[in-house]
Amino acid sequence: MTHKHDIQAQFVENLKMVCPSNVSLAEELAELLALSSDSVYRRLRCETEFSLSETVKICEYFSVKLPFQTVENQFLPFTPSVYSNDKKGFEEY
């Protein structure tokens, strides 16, 4: 069984790779998420989990895909499809 923070740890590593080297990832996230530096560092160390809304905001900002895990513990990117807001459209989705 995988540790519950494995997905977040992989997500943080991916963010470090896409964040420009001249930019502090922690400072960017603190500003983006309106969090204290301490709160951001707890998330980066996987002591606190990112909320889903925080994760979505980060993905949009850095143009990365949401990480999800398969049964075989392989990570898969997830990009939601656009669907209609009407009931019929959602059922078709």
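Just so we're clear, the structure is a prediction, and the values are computed from it rather than from any experiment. Hydrogens, waters and symmetry mates are skipped; everything else that's a heavy atom, side chains included, is used.
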*Report yes if some heavy atom in the side chain of C59 is under 4.5 Å from a heavy atom in the side chain of F11; otherwise report no.*
yes
_So does L33 get a backbone contact from the side chain of E54, meaning a donor-acceptor N/O pair under 3.5 Å?_
no
*Using side-chain contact (heavy atoms from CB on, under 4.5 Å) as the criterion, list what pairs up with R45, not counting sequence neighbours.*
Y41, R42, E47
*Between CD of Q8 and OG1 of T48, what distance do you get to the nearest 0.5 Å?*
8.0 Å
*So, do L44 and L29 sit near enough that their side-chain heavy atoms are less than 4.5 Å apart?*
yes
*Shared ILVMFWY cluster between I7 and M17, side chains joined below 4.5 angstrom?*
no
*Would L15 and V64 satisfy side-chain contact (heavy atoms from CB on, under 4.5 Å), going step by step from the backbone distance to the final call?*
CA-CA 8 Å; L15 290 177; V64 297; 4.3 Å; yes
*Only counting residues at least two apart or in another chain, list the ones meeting salt bridge (Lys or Arg N to Asp or Glu O under 4.0 Å) with E31.*
none
*asked:* Has E28 got a side-chain atom pairing as donor or acceptor with V23's backbone, closer than 3.5 angstrom?
replied: no
*Residues which pass side-chain contact (heavy atoms from CB on, under 4.5 Å) with E60, listed by chain and number, not counting sequence neighbours*: V56
*Decide whether D6 and Q10 meet the rule of one side-chain donor and one side-chain acceptor closer than 3.5 Å.*
no
*Partners passing side-chain contact (heavy atoms from CB on, under 4.5 Å) against S36 (at least two apart in sequence or in another chain)*: D38, S39
*Check side chain to side chain donor-acceptor pair (under 3.5 Å) between S63 and all other residues, then give those that pass, not counting sequence neighbours.*
none
*For residues 7-18, pull every pair meeting salt bridge (charged side-chain N to carboxylate O under 4.0 Å, His left out), keeping only residues two or more places apart or in separate chains.*
E13-K16
